[in-house]
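Numbers restart at 1 for each chain; the letters A, B, ... are given by sequence-line order, proteins then strands.
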Amino acid sequence: MVVIKAVRGTRDILPPVAGAWAEVESKVRCIFRRYRCEEIRTPAFEESELFSRGVGEETDIVSKEMYTFTDRDGSSITLRPENTASVMRAYIEHRLDQRPGIQKLFYIGPMFRRERPQKGRYRQFHQIGAEVIGSDRPEVDAEVITLVYDLLQETGVDDFRILLNSVGCSDCRPVFLARLKDSLVSVKKELCQDCQRRSETNPLRVLDCKVSADQQFIDQLPSIVDSHCQSCREHFEVVKGTLTDLHIPFTIQPRLVRGLDYYMRTTFEFTQGTLGAQNSILGGGRYDGLAAQLGSRIYAPGIGFSIGQDRLMMALEERCGQRRDSLDLFLAPLGVPAARLCAVLAHELRGGGATVEVGVDAKLKRALELAHKLNARYTLIVGDDEVRTGQFLLKDMSTGSQELVSRQHLLSKFSTATEHGI
RNA sequence: GUGCCCAUAGCUCAGCCGGUAGAGCGCUGGAUUGUGGUUCCAGAUGUCACGGGUUCGAUCCCCGUUGGGCACCCCA
């Protein structure tokens, strides 16, 4: 019989790492609250059409990376490969535009894409993201980027770079693409093999080439920022200006290409040095046309981002050492009557807010060994004598000193109110 | 989906030219019948990823599968 293992591209987040994940999550929830960003939870799977229409039929995500299956009623179901389309679907379905103000919605959860696994790339991966829907104002873009900036700073990521671009709108982008293709015709044969292929399949991708010999030619290619129409240019100027006022450093990256069809105008990406080939820790952008693509008549311009939580944790791992939850008190019962008493004591102590573990080994030596390994601050020794007298032996694990304490003294010492006195 | 590299104890890794396996850490027991950390002694680590082939004989060589890493592609 073959032992069953986690399927390719998925993994278990074990303790103590799972605890570090939870810590990060509570920290980002706290930051979201400051921005009046509210949580939304959408289903892990949706009708397939949501993604083919929302994300775009021609994108890699939709054309080859989705987990799609036919449900028993014949409908096509897809495990969400990203969450923006789902959030927009929910926004439209529940008429969130009728709520006061613009909607700022955040989410934390798993996404699914069938790609070849690699460091920092999993088939089930986790995203922390937000969508701000209801305004096309550039100040909103700046606020979203500021939020992301706070998120990374306060969770402890450093040496990240903010790459900013504006990919134009449905008016100016086609013009730019035509210009780009024209220019590529003349320099194409000077470029690397990959770029010669890209010139045909995905011209925008050529701009993102890393081959140094190609750079001199790429620099000659037209830039999207020079092709902006009047309104896109003005929009981008306000975004940049506001970020500058906020002292948030960014780099204009006219070559920044985002793979999802719904992006227009502002797009951004944060990269981090320690992540290897998958150095992008988050990506985002504006998607004013998405609601219409989903068939809604509600005007719902929006901008959002998504942090790769797996990559975020990877970037943090460098500096956050071995974390270990602390244990206030380890109860060491040395016999059956003591064990019964300890069950009651533990419940009372936990009721008072203390973190308490009850030993199951009647040998004191083993109990103390375990208490030490569990990083207990105190161990309470409860043997026959203690059960009889009602006075328990409390041992301070760091100093080794011991004192006899009453049940009442114990409860007050370990209650939350006096926690700082421990 | 393509190319290259890799897979030995729970973890990190040795293992020579083919002769069926080791270290450190960790784990378990003891030195100590009610006293942890340091120390000392002892013990178990294992289908050498899985399946086939070559060979008298395979952890080692060959093929396939699965999983991992890197690059491409793409993205978080």
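Closest to the side chain of A:Arg116, out of B:C74, B:G68, B:U2, is B:U2. Residue A:Arg121 has its side chain nearest to B:G1 when only B:G1, B:G36, B:G68 are considered. Side chain of A:Lys363, nearest nucleotide from B:A76, B:G30, B:G36: B:G30. When distances run from any side-chain atom of A:Lys119 to the nucleotides B:A76, B:G69, B:G36, the shortest one goes to B:G69. The listed nucleotides are B:A76, B:U35, B:G36; the one nearest the side chain of A:Glu115 is B:A76. Each of B:G36, B:U28, B:A76 was ranked by its minimum atom distance to the side chain of A:Arg366; first place goes to B:U28. Side chain of A:Lys373, nearest nucleotide from B:G37, B:C27, B:C74: B:C27. Of the candidates B:G34, B:A76, B:U32, B:G34 carries the atom nearest the A:Leu364 side chain, counting heavy atoms from C-beta on.
Taking the P atom of each, B:A31 and B:G36 are spaced 12 Å apart, rounded to whole Å. Across the P atoms, B:A7 and B:A49 are found 8 Å apart, a figure rounded to whole Å. Comparing the same atom, P, in B:U54 and in B:A21 gives a spacing of 23 Å after rounding to whole Å. B:U28 and B:G37 are spaced 13 Å apart, taking the P atom of each and rounding to whole Å.
Using a 4.0 Å heavy-atom cutoff across all strands shown, A:Gly9 reaches sugar-phosphate atoms only and no base atom. Note on A:Asp385: a base of the nucleic acid sits closer than 4.0 angstrom, heavy atoms only. Residue-level contact check: A:Leu312 touches neither bases nor backbone, having no heavy atom under 4.0 Å from any strand. Within 4.0 Å of A:Ile281, counting heavy atoms only, lie sugar-phosphate atoms of the nucleic acid but no base atom.
Aromatic ring orientation, A:Phe414 versus A:Tyr378: perpendicular (interplanar angle above 60°, classes split at 30° and 60°). Relative ring orientation between A:Tyr262 and A:Tyr287 is described as perpendicular, the plane-to-plane angle rising above 60° on a 0-90° scale split at 30° and 60°.
The side chain of A:Arg8 places no N or O atom within less than 4.0 Å of a non-bridging phosphate oxygen (OP1 or OP2) of B:U66. Of the side-chain N and O atoms in A:Arg311, none sit less than 4.0 angstrom from OP1 or OP2 of B:A76.
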Under the criterion salt bridge (charged side-chain N to carboxylate O under 4.0 Å, His left out), I'd like the reasoning laid out for A:Glu143 against A:Lys104: C-alpha separation, chi angles, the key distance, then a yes or no. CA-CA 11 Å; A:Glu143 189 183 59; A:Lys104 306 183 188 179; 3.0 Å; yes

Take A:Glu369 and A:Lys365, measure what salt bridge (charged side-chain N to carboxylate O under 4.0 Å, His left out) needs, and give me the verdict at the end. CA-CA 6 Å; A:Glu369 263 173 23; A:Lys365 177 183 159 65; 3.5 Å; yes

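The base of B:U35 does not come close enough to the side chain of A:Lys365 for any donor and acceptor atom to sit less than 3.5 Å apart. One donor-acceptor pair, N or O on each side, does fall under 3.5 Å between the base of B:U35 and the side chain of A:Gln402.
In this structure, the CG atom of A:Asp361 is 15 Å from the P atom of B:C27, given to the nearest Å. Rounded to an integer number of Å, the gap from A:Met314 CE to B:G68 C1' is 14 Å.
One finds no salt bridge joining A:Glu47 and A:Arg89 here, because no Lys/Arg side-chain nitrogen approaches an Asp/Glu carboxylate oxygen to under 4.0 Å.
Residues A:Phe32 and A:Phe106 place their aromatic rings such that the two centres sit under 6.0 Å apart.
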